[in-house]
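Can you read through this structure? Questions will come right after.
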Amino acid sequence: MGLELLAGRRVLGVGRRGKFMIAPLDEDLELILHLGMTGSFRFDLEDPHVRAKLSLDDGRTLSFRDVRRFGRMAVVESGDYGGIPTLKMLGPEPLTDDFDPDRFAAKLKRTSAPIKPYLLSQRPVAGVGNIYADEALWLAWINPTSRAVGKARAHALHAAINEVLGAAIEREGTTFSDYAMLDGESGRNADFLIAYGRAGTPCPRCRTPLRKITLGGRGTTYCPKCQRR
DNA sequence: AGCTTGTCCTGACTGC
DNA sequence: TGCAGTCAGGACAAGC
């Protein structure tokens with residue numbers, strides 16, 4: 001399976017699972033796209049960081065801009081995700097009935113990893129990255145290093161994930177530098193973040209300065225008082 | 001099997 | 001001003 005299979009294919013639609021875009025193609029193929037950290041698509045964009053161009057049959061070009069080159073693109077047979085392990089093991093979609101509080105709690109009970117890296121694995125729920133993991137854990141009063149999240153706290157975290165993602169989507173996402181809407185407009189959620197990127201500022205609940213640690217190789221900000229272990 | 005760590009890459013920012 | 005060091009929204013491969 002290679003990208004050369006893309007030439008001449010008809011794009012039947014564009015869907016999404018977690019942070020993966022999935023475009024069904026004719027010939028029972030799928031185009032899988034991941035933006036990585038800094039990827040974006042824009043029509044007819046000319047830019048030094050444009051890494052790929054998809055020529056469409058209406059004459060337009062869809063440019064893939066990807067500064068850090070962490071983005072990925074692949075053509076696979078429909079549903080054949082063996083070469084894309086995170087997609088293969090991807091958890092249920094948040095903000096849908098598939099994301100069930102009891103099943104979520106059962107998964108958290110089964111793992112021995114700290115809760116935050118486990119969330120970032122995409123296995124308990126799809127689509128939660130570093131920003132929203134910090135925000136949801138703060139909202140649910142859960143320490144990011146906790147390896148024992150019981151049922152009640154799992155249910156609180158389930159609700160917090162839906163709340164944090166739902167609010168961010170309403171504000172069209174969180175922009176620091178690269179992330180943008182198709183028209184280039186920034187998302188407005190960055191101004192509403194409570195934990196992520198706000199180490200040293202007072203916790204809105206208890207006024208304790210938020211603390212930053214490294215956990216699973218990722219920057220992690222939390223309140224040492226109301227997210228106590 | 002699943003957790004943990006290091007790596008991919010460029011750019012922006014900090015501190016000397 | 002210049003340069004080295006650090007950090008950044010993600011996923012994967014290779015350790016154990």
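Reminder, nothing fancy here: chain letters follow the sequence lines and each chain counts from 1.
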- Classify the side chain of A:Arg69 versus the base of B:dC9 as yes if they form a donor-acceptor pair under 3.5 Å and no if they do not.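 Checked by distance alone, the answer is no.
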
- Message: Restricting to side-chain hydrogen bond (donor to acceptor under 3.5 Å, both in side chains), what partner residues turn up for A:Asp58, sequence neighbours left out?
- Response: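 Scan of A:Asp58 (side-chain hydrogen bond (donor to acceptor under 3.5 Å, both in side chains), adjacent residues dropped) gives A:Arg60.
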
- Task: Check whether any side-chain N or O of A:His49 sits under 4.0 Å from OP1 or OP2 of B:dC9, and answer yes or no.
- Result: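 The answer is no; no side-chain N or O of A:His49 sits under 4.0 Å from OP1 or OP2.
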
Pairs under 3.5 angstrom, nitrogen or oxygen only, protein versus nucleotides 13-16 of chain C, please.
none

- Message: For a quick test of reading the model: is some side-chain N or O of A:Lys212 closer than 4.0 Å to OP1 or OP2 of C:dA8?
- Response: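 Yes, because at least one side-chain N or O of A:Lys212 sits under 4.0 Å from OP1 or OP2 of C:dA8.
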
- Query: Are OP1 or OP2 of C:dG9 and a side-chain N or O of A:Tyr196 less than 4.0 angstrom apart?
  - Reply: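 True: A:Tyr196 side-chain N/O within range (under 4.0 Å) of C:dG9 OP1/OP2.
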
- Between A:Glu46 and A:Lys53, is there a salt bridge with N-O shorter than 4.0 Å?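 Yes, this pair counts.
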
- Hydrophobic cluster partners of A:Leu120 (side-chain heavy atoms under 4.5 Å):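 When side chains under 4.5 Å apart are linked, A:Leu120 ends up in no cluster with other residues.
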
- Query: Is the phosphate of C:dA11, meaning OP1 or OP2, less than 4.0 Å from a side-chain N or O of A:Gln122?
  - Reply: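 Looking at the OP1 and OP2 atoms of C:dA11, one of them is under 4.0 Å from a side-chain N or O of A:Gln122.
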
- Under-4.0 Å side-chain N/O to phosphate OP1/OP2 contact, A:Arg123 with B:dG2: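 Answer is no, no contact under 4.0 Å.
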
- Name all pairs fulfilling the salt bridge (Lys or Arg N to Asp or Glu O under 4.0 Å) condition that reach into residues 135-161 of chain A, sequence neighbours left out, sorted by first residue then second.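 Listed by first then second residue: A:Asp102-A:Lys151.
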
- Message: I'd like to check the side-chain hydrogen bond (donor to acceptor under 3.5 Å, both in side chains) partners of A:Arg103; sequence neighbours left out, ordered by chain and number.
- Response: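 With sequence neighbours excluded, A:Arg103 shows a side-chain hydrogen bond (donor to acceptor under 3.5 Å, both in side chains) to no residue whatsoever.
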
- Query: Nearest to the side chain of A:Arg147 - C:dG10, B:dC9, B:dT4?
  - Reply: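 Nucleotide nearest to A:Arg147's side chain: B:dT4.
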
- side chain to side chain donor-acceptor pair (under 3.5 Å) contacts in which one or both residues fall within residues 10-24 of chain A, not counting sequence neighbours: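 The answer is A:Arg16-A:Glu93, A:Arg17-A:Glu93.
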
- Supply the members, apart from A:Phe192, of the Ile/Leu/Val/Met/Phe/Trp/Tyr cluster built from side-chain contacts under 4.5 Å; use none for a lone residue.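 Once heavy-atom contacts under 4.5 Å are chained together, A:Phe192 still belongs with nothing else.
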
- Output all residues satisfying side-chain hydrogen bond (donor to acceptor under 3.5 Å, both in side chains) with A:Thr145, sequence neighbours left out; order by chain, then residue number.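 For A:Thr145 the side-chain hydrogen bond (donor to acceptor under 3.5 Å, both in side chains) partners, ignoring immediate neighbours, are A:Asn143, A:Arg229.
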
- Of A:Ile131 and A:Ile84, whose nearest nucleotide on DNA chain C comes first from the 5' end?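 Mapping each residue to its closest nucleotide by heavy atoms, the 5'-most match is A:Ile131.
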
- Can you name the side-chain hydrogen bond (donor to acceptor under 3.5 Å, both in side chains) partners of A:Thr208, sequence neighbours left out?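 Per chain and number, A:Thr208 pairs via side-chain hydrogen bond (donor to acceptor under 3.5 Å, both in side chains) with no residue.
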
Which protein N or O atoms sit under 3.5 Å from an N or O of nucleotides 13-15 of chain B?
none

- Query: Is DNA chain B part of any stem, that is, at least 3 consecutive Watson-Crick or G-U pairs with both distances under 3.5 Å, and where?
  - Reply: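 Stem segments, range with range: B:2-8 with C:10-16, B:10-16 with C:2-8.
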
Cut-off 3.5 Å, no hydrogens considered: what does the side-chain donor-acceptor table look like for residues 209-222 of chain A, sequence neighbours left out?
unit_1   : atom_1 : unit_2   : atom_2 : d
A:Thr220 : OG1    : A:Lys116 : NZ     : 2.9
A:Thr220 : OG1    : A:Arg218 : O      : 3.1

